[in-house]
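Take a look at the structure set out below.
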Amino acid sequence: MERGMISVDRWAEGSQVYFLTHLHADHTAGLSSSWKRAPLFCSRITAKLFPPKFPGFDLSLLRVLEIGQWYSLSLVSLSTGLETRIEVIAIDANHCPGAVMYLFRGEFGCMLYTGDFRWEVTCKIAKVGKMMLLGALRNDKVDTLYIDNTYCNPSYSFPSREVAAQQVVNIINSYPEHDIIIGIDSLGKEDLLLYISKMLKVKIWVWPERLQTMHLLGLHGNFTTKTTLTRVRAVPRYSFTVETLEGLNTMRPTIGIMPSGLPWALKKDGCKDKSCGLPSTKTEMGICLGINMPNKYTNNIEKHHQYIYTVPYSDHSCFPEIVEFVKLLCPSHIKGIVSSSSSYIDPCYYLRNIYGTSSLYKKPEIKEGSGRVEGKHESTLACDGCIEEKKRKRIKEYQSCLHKTRVSLLRRFKCGVKLINED
DNA sequence: GCGATCAGAT
DNA sequence: CACATCTGATCGC
């Protein structure tokens, strides 16, 4: 029987060491306060944010990995009983506070697990990350790349977060008398809120738990839990709905802003929301944005409702960034770590031509069923670029048959992999 | 009764 | 619609 060695963002039993890329809930499913299977490696910031998320957790299990530093771990191959060493380095993933990618070296070769990441080469942090990654790789080639394929589709392209942040500021400025609410998650988008706070010289309201997170991150001056101090509030995304906005507007004029990737741009025509009553989103965009904002910043803003704007502020890489990243690394194998409806069948299907389009890049050699990964990353979900058309079609039909079962399976193994010994 | 997991909504 | 999160129902001990 195969035994586990390393798990990343996966918390079931069977591994000797566990790695956490960041603290978003879909990467911690299965982790709990009572979890105590083995040492848990993470970044310093993640370790700092960890206790309030898992009160009572045995913190002696946490192992902090400093970013950019190699660590060597001694593991036991349970099938052979022999000691084997692996090396690991954490690199800033530029996703949310504490988020890192992990580069592993060991008997399994060279493996990079990006976790959720944004490869925004125009930004300083990403440039540092790039240098660090290239430095860590030296002349090694990545054998297997586990990549954040959330937006691994040519339809997804969005501006830098700096540009998107300015779009948000412009929207707020165009409603000087309105209250503003911004939908955010329990972690992430801090830079956006800081930018708004600094540009508009306002504090931003957050809910109490979120203020605690801000304080743990060392952000003290820009946030408040007192509603009276500001017209700008950041609210949990799940409570950000059309109904909420309509309710708020019966009391005070309020505009909602949803910073998010760009899925809605795929929508063809009209607004599905019946309460919207608009003939088309494009028309509405023209009316709402034409006057107040310079063109440079309005390319991707969408207004889907009388009170709601969507701004393409994304903590995931868009498609051109994913392509850039894959071209840089030239990995032998690629596997997507996210299974969502849009990238469900073959998450990296659209990457298949990257090597082919440039003679500089070697065509990847695909070994099917290499069997290093368990969980949701079964062979049918691996996005090996060179998989033949016939096989893909077969898989598609198969998955279509099993759709219901599969969806529930995918939910269970949403993120994370277990890397196992090859016996 | 509690935590873990799942389905559904937001 | 995506992603990430929440709530409430159900399962298993």
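These numbers come from the heavy atoms of this one structure, side chains and all, not from hydrogens, waters or symmetry mates. Proteins come first, then strands; the chains are lettered A, B, ... in the order of their sequence lines, and each starts at number 1.
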Specify the separation, in whole Å, of atom CG of A:D9 and atom C1' of C:dA4.
14 Å
Rounding to a whole Å, what distance do you find between A:D185:CG and B:dT10:C1'?
12 Å
Should the pair A:W11 and A:W35 be assigned to parallel (<30°), tilted (30 to 60°) or perpendicular (>60°) ring geometry?
perpendicular
Just N and O in the side chain of A:H316: are any of them under 4.0 Å from OP1 or OP2 of C:dA4?
yes
Using a strict 4.0 Å threshold on nitrogen-to-oxygen distance, state whether A:K189 and A:D315 make a salt bridge.
yes
Okay, side chain of A:S239, backbone of A:V235: is any donor-acceptor separation there less than 3.5 Å?
no
Which is true for A:S239 with a 4.0 Å heavy-atom rule: it touches a base, it touches only sugar-phosphate, or it touches nothing?
nothing
Of the nucleotides C:dC3, C:dT5, C:dA2, which has the atom closest to the A:H24 side chain?
C:dT5
How close or far is atom C1' of B:dG3 from atom NZ of A:K36, stated in whole angstroms?
12 Å
Which of these nucleotides, C:dA4, C:dT5, B:dT10, is closest to any side-chain atom of A:T241?
B:dT10
A:F240 has an atom CZ; how far is it from atom P of C:dA2, in whole Å?
18 Å
Under 4.0 Å from OP1 or OP2 of B:dA4: is there any side-chain N or O of A:S32 that close?
yes
Measure NZ/A:K189 against C1'/C:dA2 and give the value in whole Å, please.
11 Å
Euclidean distance, atom CD of residue A:E209 to atom P of C:dA4 [Å, nearest integer]:
20 Å
I'd like to know whether NZ of A:K53 has more than 12 heavy-atom contacts from other residues, nucleotides or ligands below 6.0 angstrom.
yes
Would you mind classifying the nucleic acid contact of A:T244 as base, sugar-phosphate or nothing, using non-hydrogen atoms under 4.0 angstrom?
nothing
Could you state the CG-C1' distance from A:D116 to C:dA2, rounded to the nearest angstrom?
12 Å
Could you check how far CH2 of A:W11 sits from P of B:dA4, rounded to whole Å?
14 Å
Between A:D179 and A:R252, does at least one N-O distance fall below 4.0 Å, as a salt bridge requires?
yes
Taking 4.0 Å as the cut-off, does a side-chain nitrogen or oxygen of A:S34 come that near to OP1 or OP2 on B:dA4?
yes
